[in-house]
Amino acid sequence: MNIKIYAKPFDPWAEIQAYQHSAQDMAGKFGATSIFIGTMRDFNEGDDVKGMTLEHYPGMTEKQLAKIVAEASQQWPVIDVLVLHRVGDILPNEPIVLVAVWTSHRGDAFDASRYIMEALKSRAPFWKKELLKSQAERWLVKNTDGYLAGSS
Amino acid sequence: MNIKIYAKPFDPWAEIQAYQHSAQDMAGKFGATSIFIGTMRDFNEGDDVKGMTLEHYPGMTEKQLAKIVAEASQQWPVIDVLVLHRVGDILPNEPIVLVAVWTSHRGDAFDASRYIMEALKSRAPFWKKELLKSQAERWLVKNTDGYLAGSS
Amino acid sequence: MSIKVRYFASLKENIGRSEDNLEFFGLATVADVWRAANPDKVLPDNTLAAVNMDYVELNGVVNDGDEVAFFPPVTGG
Amino acid sequence: MSIKVRYFASLKENIGRSEDNLEFFGLATVADVWRAANPDKVLPDNTLAAVNMDYVELNGVVNDGDEVAFFPPVTGG
């Protein structure tokens with residue numbers, strides 16, 4: 001299980017691959033991997049977005065993410081979990097968040113990764129401030145609910 | 001949208017990355033990517049498994065997968081989909097299936113990727129024959145239901 | 001009319017053939033195709049059938065040139 | 001007792017400070033901490049509070065050395 005906060009862009013594919021290779025005890029044991037990647041878009045709520053600054057509460061972020069991963073591990077038979085999250089200045093098309101869950105069976109991988117993402121969205125202390133093409137800045141006020149409304 | 005059947009091992013991370021880069025119209029537009037990867041395990045139903053042969057019905061496989069992806073695209077606002085599936089001789093730890101779905105919002109990515117995986121499991125004409133460490137061969141009889149039973 | 005029949009996986013092994021080519025006169029259903037191709041063998045329970053690579057029921061009608069396939073429940077993914 | 005108070009994101013900008021260090025005598029709740037640090041400002045609706053990096057209710061009691069944080073709803077992921 002690994003949780004990392006990145007102040008610089010990360011390559012999601014290299015990260016997952018490296019983690020999967022480094023976790024030798026996983027080899028041959030996992031049958032299912034569910035990965036979610038959230039990426040910065042160049043538009044939001046009808047406006048062109050130039051960039052974003054992601055603020056976080058160092059320490060609490062890691063503590064809450066560890067709790068969330070522990071909750072998921074109690075509810076589903078999870079073999080391993082990787083959670084990466086960006087902070088700082090982010091440009092469109094850069095990955096913001098990565099959640100990868102390894103399990104034996106696919107239902108558990110889907111359920112656990114979705115649980116972690118929803119919990120992260122509602123409880124991990126991150127805040128996004130968008131810089132619009134118009135040069136205006138705005139704090140995002142609320143994460144929509146991915147479970148109920150099917151939106152992010 | 002791309003569906004590929006591989007007779008040789010594929011690198012899931014290189015494939016997704018290459019596909020994402022090649023689909024230029026996606027850049028800046030997608031906010032969510034949900035990926036599922038099914039990997040061959042070295043045990044099943046209590047037995048050590050040495051390898052597996054995956055038979056398929058060429059032509060029908062592609063036709064059914066295209067239908068499934070089209071159904072998902074009708075139900076959720078999907079930006080792009082990549083589906084890869086191995087056939088032939090497979091060793092433990094090799095990827096068997098990859099489903100990647102790009103959307104604007106995370107709920108749609110989770111829903112669509114799971115729908116595609118479940119439909120693939122029940123309708124795409126693939127059949128697994130396991131080679132056990134004991135040298136015995138056995139056809140898998142039934143895919144368990146990932147949605148209801150939470151297993152693969 | 002000419003019908004191509006294909007078998008896959010354990011069903012193919014049990015029958016000992018991967019395909020048949022049959023000639024029919026008049027109307028025939030998928031079940032008729034099985035009976036003509038395997039007169040001494042009851043269609044195993046849970047067998048799936050496809051005509052031209054689409055799933056069909058056993059009472060589906062076949063046409064000249066159709067490819068009919070029989071196979072066990074799928075186990076991919 | 002000594003309490004460290006931290007503010008984040010839009011709340012930090014609105015208040016114009018990122019932290020306060022307060023001294024209390026006797027029992028204090030999270031709400032008391034806010035009032036002591038921001039006597040002229042009502043706690044904005046939907047503000048979240050944490051003590052020592054765990055979420056708490058506003059009537060939660062604070063202890064010497066605690067780090068109390070106030071911030072708007074989170075928008076990560």
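Just so we're clear, the structure is a prediction, and the values are computed from it rather than from any experiment.
- Atom CZ of residue Phe8(C) and atom NE2 of residue His56(B) lie 8.5 Å apart, to the nearest 0.5 angstrom.
- Looking at Ile96(B), only its side chain comes within 4.5 Å of chain C, counting heavy atoms on both sides.
- No donor-acceptor pair under 3.5 Å is formed between the side chain of Lys121(B) and the backbone N or O of Val74(C).
- Only the side chain of Lys63(B) comes within less than 4.5 Å of a heavy atom in chain C; its backbone stays farther off.
- Counting all heavy atoms, side chain and backbone alike, Met60(B) lies closest to Phe71(C) at CE-CZ, 3.8 Å.
- When heavy atoms are compared at a cutoff of 4.5 Å, Val87(B) does not approach chain C at all.
- Heavy-atom contacts from other residues, nucleotides or ligands closer than 6.0 Å to CD of Gln135(B) number more than 12.
- Nearest heavy atom pair, residue Gly77(C) against residue Val97(B), reads C-CG1, 3.5 Å.
- Separating the OG1 atom in Thr75(C) from the NZ atom in Lys129(B) is a distance of 11.5 Å, to the nearest 0.5 Å.
- Using a distance-only test at 3.5 Å, with no hydrogens or angles considered, no donor-acceptor pair links the side chain of Tyr57(B) to the main chain of Tyr7(C).
- Using modelled atom types, no side-chain atom of Glu55(B) and backbone atom of Ser10(C) make a donor-acceptor pair closer than 3.5 Å.
- A distance-only check finds a donor-acceptor pair linking the side chain of Trp127(B) to the backbone of Pro72(C) [under 3.5 Å].
- Heavy atoms closer than 4.5 Å to chain B are found in both the backbone and the side chain of Asp54(C).
- For Ser122(B), the part sitting under 4.5 Å from any heavy atom of chain C is the backbone (N, CA, C, O) and nothing else.
- With a 4.5 Å cut-off on non-hydrogen atoms, Arg123(B) touches chain C through its backbone and its side chain both.
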